[in-house]
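Whatever order the structure lists them in is the order used to number ligands and atoms, beginning at 1.
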Amino acid sequence: MALPVEIAEIVGEAREWEGRGWFPPGPQLAVCLSGGKESLKDLTDGELLEVAAARRQTSWAQARELAAIAELAGRRAVGGSEDDPRVLTSHESVTDEVAAALTVTGNAAATLVRLAERLAVELPGTREALEAGRIDLAKARVICDVTESLPADAAERLETAALEKAPAQTSGQLRRRITRMARHLAPEAVEERKRDAVRGRRLEVWDNSSGTANLALCDLPLEDAHAVYNKISAAARGLKHEGDARSLGILRVELAPRLLSGAELPDAARALLVEEPGAAEELSAPQVDDDVAVPALAAMVERRLAHVRARVSLDALPVAVRRAAQRIHDELAERRDAVCQGDDEEHGRPGYRPPAALRREVEERHGTCVFPSCNQPSRRCDLDHTISWRPGPTCRCNLAPLCRRHHRLKQSPGWSLFQIWPGLLIWTTPAGAWYIVRPDRT
Ligand SMILES: [Zn+2]
Ligand SMILES: [Zn+2]
């Protein structure tokens, strides 16, 4: 290529870096940047910055790359076999062609092809600005991203407005400014795009080379993401209030994985996180009457366990459900003492065998074995201590009829049975399901 006179002069000069600022990106600037005689060590600080600013040459090269991709995609689209289900669409096929040629993943290639096509057709101003080095690829991507799925006229106005300030803004400043404008220009389209994105919400984990990993909840609705963040922050402040000297940032990151893994939380944090009233609080003082207490407690159990099921993975579900049932049982301990014990010192009758009157009461309460599908009459069942005798009391709150088979099922791995209130039982299964068994008459 023949060089223009002024370039030839500069390349031939000893101080060939001087006065380079005015060169537009392209072949001329490439010649200048190639240096020739001098190494970077010989340059002044100002000259080094000038070379660094020559990233406009990179922008130019990237614009050329994208133009070539768009040209190729355009050629493949002509006479493509879009309706034949046996083969890829021309768009998919050119994406693979680009992926193989540039050695990038399919996703990266798809993003490039999409960007190339939009710059070629819908965003000519952005393409020109990139080619002229007024903006870099990151800013071109921002403009492409924010105008995506806007109506054509809104996209055009947004592009014009974006390019006015883009050269002097960082890509972050640019994104914030034009995202605001997009909401103003085309509120419905922005809302629709948000709904689309939320449909693709997901939990992602990726490993870092430092031996750590990142965990991210992606594409949650903005208000949900901030609600979770605020809640964790509130719990972290609770801990600080209790005298924890660590920073809020550290406390947040201590709490979040424990919440997600279902580990026990410090009381100060738990108190701030639990929305549901505890089991004991479900019962107001007069509600110790079983007719009122049992339905209220059964509804509470259903709600709390459903709450657990909605929040844990399938793997963690059996353990989480069992723990939640255990917790409900434990929370009600004092109330059971109060309702069974009256003024006695001891809760329950002395000895392992229930007295006849107590036996009759329990058999009347449940006419059959308390396994949900079992019809074995309670007269022919054992009266099982739900919690084995000592520590479990011989009391109406800890006795229930079980046939032989379901007595053995109760001991089998993965199964458990809780009696949270006299006659109100919860079975939990190896799969993390639960069954609530009430007294027959309620
Ligand atoms: Zn009792
Ligand atoms: Zn049974």
Run the side-chain donor-acceptor check on residues 97-104: report pairs under 3.5 Å with partners two or more places apart or on a different chain.
| residue | atom | partner | partner atom | Å |
| --- | --- | --- | --- | --- |
| E97 | OE1 | R76 | NE | 3.1 |
| E97 | OE2 | R76 | NH2 | 2.8 |

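Around the Zn ion (ligand 2), protein N, O or S atoms at less than 2.8 Å number 4. Counting only protein N, O or S atoms, the number found under 2.8 Å from the Zn ion (ligand 1) is 4.
With sequence neighbours excluded, no residue forms a salt bridge (charged side-chain N to carboxylate O under 4.0 Å, His left out) with R323.
Of all heavy-atom pairs spanning P124 and E159, the tightest one is N-OE2, 3.7 Å. The shortest heavy-atom contact between L119 and R127 is O-NH1, 3.3 Å.
No salt bridge links K139 with D136; every basic N to acidic carboxylate O contact stays at or beyond 4.0 Å.
Between the side chains of T368 and S378, no donor-acceptor pair is found at a separation under 3.5 Å. Side-chain contact annotation: D382 with H407, donor-acceptor N/O pair under 3.5 Å absent.
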Discussion item. Assess the residue pair R365 and D440 against the criterion (salt bridge (charged side-chain N to carboxylate O under 4.0 Å, His left out)); give the C-alpha distance rounded to whole Å, side-chain angles, the decisive distance to 0.1 Å, and a yes or no.
Written reply: CA-CA 6 Å; R365 192 172 67 191; D440 288 350; over 6 Å; no
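When the shell of 6.0 Å around CZ of R390 is examined, it contains 12 or fewer heavy atoms from other residues, nucleotides or ligands.
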